[in-house]
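The structure under discussion appears below in the form of structure tokens.
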Amino acid sequence: MPYQSSISPGRSWYEDTAGPRPEYKALDGDLRCDVVVVGGGFTGLSAAVHLARAGSNVVLIDAHRFGDGASGRNGGQLGTGQRAWAEELEAEYGFSRAKALFDLAEEAKAHLLEFAAVNKIEIDYMQGQMSVAHKQRYVDDYKAHAEIMANRFGYPHISFMDARETAERLGSARYFGGTRDTGTGHIHPLKLVIGTAKVAAQAGAQLFEQTPATAITSVGGKVRVTTPKGTISAEKCLIGVNAHGGTLEPISAAHIMPIGSFIGATVPLADSNVLPGGEAVDDSRFVVRYFRKSTDGRLLFGGREIYAVNDPKDIHVHIRRQIAELYPDLRDVEITHGWGGYVGITMPRKPFVREVMPNVISVGGYSGHGVMLSNFFGKLYAETVAGNRDRLRLIEDLNIPAFPGGRRLRAPLLFFALNWYALRDRI
Ligand SMILES: Cc1cc2nc3c(=O)[nH]c(=O)nc-3n(C[C@H](O)[C@H](O)[C@H](O)COP(=O)(O)OP(=O)(O)OC[C@H]3O[C@@H](n4cnc5c(N)ncnc54)[C@H](O)[C@@H]3O)c2cc1C
């Protein structure tokens with residue numbers, strides 16, 4: 001019986017193609033360390049690598065298997081900059097902060113690619129990313145964005161595409177225009193998870209799977225994490241549970257909300273005109289559609305966000321319908337894998353970093369833009385432990401309000417709000 005994640009629905013194509021996936025034992029007993037990391041996605045694993053390399057005694061625990069959350073199951077798109085366009089950040093925070101946030105994200109991208117290369121982790125990197133307008137009225141924004149990026153933020157890799165070029169590069173005439181970014185690309189995320197865990201173990205971090213934190217306390221600056229079969233006492237703690245926090249820590253839970261997102265993989269497409277250049281794509285919908293080809297020629301199509309935490313029964317049907325809207329020839333294409341995961345979003349859709357208790361920092365809420373940022377924020381956390389908090393503070397200082405409605409009402413309120421945006425995408 002193949003392993004199937006118990007926190008995310010469906011078995012992913014990544015699980016079938018990632019190669020050997022070492023298991024790590026569960027914690028059984030009490031431990032003492034410098035830093036305890038809760039959550040073994042990109043954030044936690046990357047932090048464990050950099051902390052251990054800097055000489056900290058690190059223990060990392062995950063409630064399931066590393067990568068079973070968003071990190072091993074996502075769309076694999078790196079993107080460029082923060083989730084919000086740099087010009088939007090400039091309008092909110094001024095040019096110098098917007099530029100600093102953009103440069104930080106560029107460093108995050110470079111870091112991810114360099115980390116994989118130096119540590120010989122094959123992540124199946126494919127170059128190119130297109131962002132496309134599903135309404136004519138957004139096309140001018142994309143055109144202006146390409147110019148602003150080149151002229152104001154010093155990023156020359158984005159070019160504007162008119163409707164004809166967009167249709168050629170997508171192999172679909174359903175979009176009205178967009179941008180093409182040759183300075184970024186997409187990866188096999190589970191391979192990066194597995195590789196990063198190995199590097200963390202080699203660096204001396206103690207890694208445990210199937211070990212949920214059931215409580216975190218900080219008394220007199222000393223941290224204690226409780227698990228079913230043992231406790232961990234530490235000087236510091238990183239919470240990197242993202243969308244999966246539940247009731248573990250109330251401040252993070254009030255600011256980070258889980259949203260289901262689902263992906264289908266088709267059979268390899270022979271002689272297809274779909275994405276001939278191999279770029280990844282995201283579109284202008286609020287309920288975004290994102291897709292790309294895999295190294296073996298499948299279409300990996302993500303598109304249906306469900307604004308409630310119920311699992312979908314029928315990922316294949318919905319994904320195939322969305323694929324057929326763009327590629328009518330694929331209306332009967334076989335979908336071999338359908339899976340989902342939970343994206344951690346914040347109200348303004350920017351990342352959340354906060355010291356939620358003395359010596360306990362929570363990091364997450366990347367809002368669908370965490371592949372490169374989460375890996376880098378793990379490193380920034382390690383920098384913070386080493387005494388330099390300046391760069392993590394750039395994110396900490398963002399204005400991230402809690403979701404309204406408290407724990408009981410926020411899910412239904414968000415459900416209505418986001419359904420309104422989904423409706424708006426269609427008109
Ligand atoms: C379907 C999907 C598509 C996406 N596509 C993209 C994309 O194309 N580009 C992009 O940039 N971003 C994308 N994202 C978002 C991106 O994957 C995340 O931002 C990123 O992986 C977050 O990493 P993380 O380590 O913070 O969280 P996660 O990877 O979610 O890891 C959290 C970990 O915490 C563990 N955990 C939870 N509770 C406990 C506990 N009590 N004790 C111990 N461990 C616990 C979980 O088991 C999990 O392994 C996507 C997400 C999804 C779900």
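Order of appearance sets the numbers: ligands from 1, and atoms from 1 within every ligand. These numbers come from a predicted model, not from an experiment.
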May I ask whether [X] places a heavy atom under 4.0 Å from ligand 1?
X: G79; result: no
X: P212; result: yes
X: G368; result: yes

Relative to ligand 1, is F42 under 4.0 angstrom through side chain, backbone, both or neither, heavy atoms considered?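 F42 to ligand 1: contacts from backbone and side chain alike.
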Relative to ligand 1, is I7 under 4.0 angstrom through side chain, backbone, both or neither, heavy atoms considered?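 It is the side chain that touches ligand 1; the backbone stays farther off.
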For ligand 1, which atoms sit closer than 4.0 Å to a heavy atom of [X]?
X: S261; result: 1 (C)
X: G69; result: 29 (O), 30 (O), 49 (O)
X: Y290; result: 1 (C), 2 (C), 3 (C)

Considering only protein heavy atoms, which is closest to [atom], and at what distance to one decimal place?
atom: atom 48 (C) of ligand 1; answer: D62 OD2, 3.4 Å
atom: atom 23 (O) of ligand 1; answer: S71 OG, 3.0 Å
atom: atom 52 (C) of ligand 1; answer: V343 CG2, 3.6 Å
atom: atom 27 (O) of ligand 1; answer: N242 CB, 3.3 Å
atom: atom 36 (N) of ligand 1; answer: V241 CG1, 3.7 Å
atom: atom 17 (O) of ligand 1; answer: N74 ND2, 3.1 Å
atom: atom 32 (C) of ligand 1; answer: G240 O, 3.4 Å
atom: atom 9 (N) of ligand 1; answer: Q77 O, 2.8 Å

Checking R21 against Y14: charged group under 6.0 Å from the ring centre and within 45 degrees of the axis?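 Not flagged: R21 not positioned over aromatic ring of Y14.
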Is there any N or O on [X] that sits under 3.5 Å from an N or O of ligand 1?
X: V363; result: no
X: I263; result: no
X: T43; result: yes
X: A70; result: yes

In terms of side-chain heavy atoms, does T336 have a donor or acceptor partner in R298 at a distance below 3.5 Å?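 Side-chain D/A pair, T336 to R298: present.
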Under 3.5 Å, is there a donor-acceptor pair between the T80 and K109 side chains?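 T80 vs K109: donor-acceptor pair found between side chains.
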Regarding [atom]: of the candidates [options], which has the closest heavy atom?
atom: atom 42 (N) of ligand 1; options: A213, A47, A280, G72; value: A213
atom: atom 3 (C) of ligand 1; options: S374, G75, G245, G370; value: G75
atom: atom 44 (N) of ligand 1; options: G76, G40, A63, S367; value: A63

Are any of the side-chain nitrogens in [X] or [Y] under 4.0 Å away from the carboxylate oxygens of its partner?
X: R65; Y: E15; value: no
X: D34; Y: K236; value: no
X: E279; Y: R180; value: yes

Do you know the tightest heavy-atom contact between A18 and I194?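 Smallest heavy-atom distance, with atoms named: CB-CD1, 3.8 Å.
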I need the minimum non-hydrogen distance between L207 and A197, along with the two atoms involved.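 In terms of heavy atoms, the two residues are closest at CD1-O, 3.3 Å.
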W13-H188 aromatic ring centre distance below 6.0 Å: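 Yes - the distance between ring centres of W13 and H188 falls below the 6.0 Å cut-off.
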Tell me, please, which residues at least two apart from H369 pass ring-ring contact (aromatic ring centres under 6.0 Å, His included).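 H369 satisfies ring-ring contact (aromatic ring centres under 6.0 Å, His included) with no residue once adjacent residues are dropped.
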Pairs touching residues 375-384 that satisfy side-chain hydrogen bond (donor to acceptor under 3.5 Å, both in side chains), sequence neighbours left out: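 Residue pairs passing side-chain hydrogen bond (donor to acceptor under 3.5 Å, both in side chains), neighbours aside: E383-R391.
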Taking the side chain from S362 and the backbone from R354, do they hold a donor-acceptor pair closer than 3.5 Å?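 It does not hold such a pair.
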So does R224 have more than 12 non-hydrogen atoms from other groups sitting under 6.0 Å from CZ?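 No, CZ of R224 has 12 or fewer neighbouring heavy atoms, counting only those of other groups under 6.0 Å.
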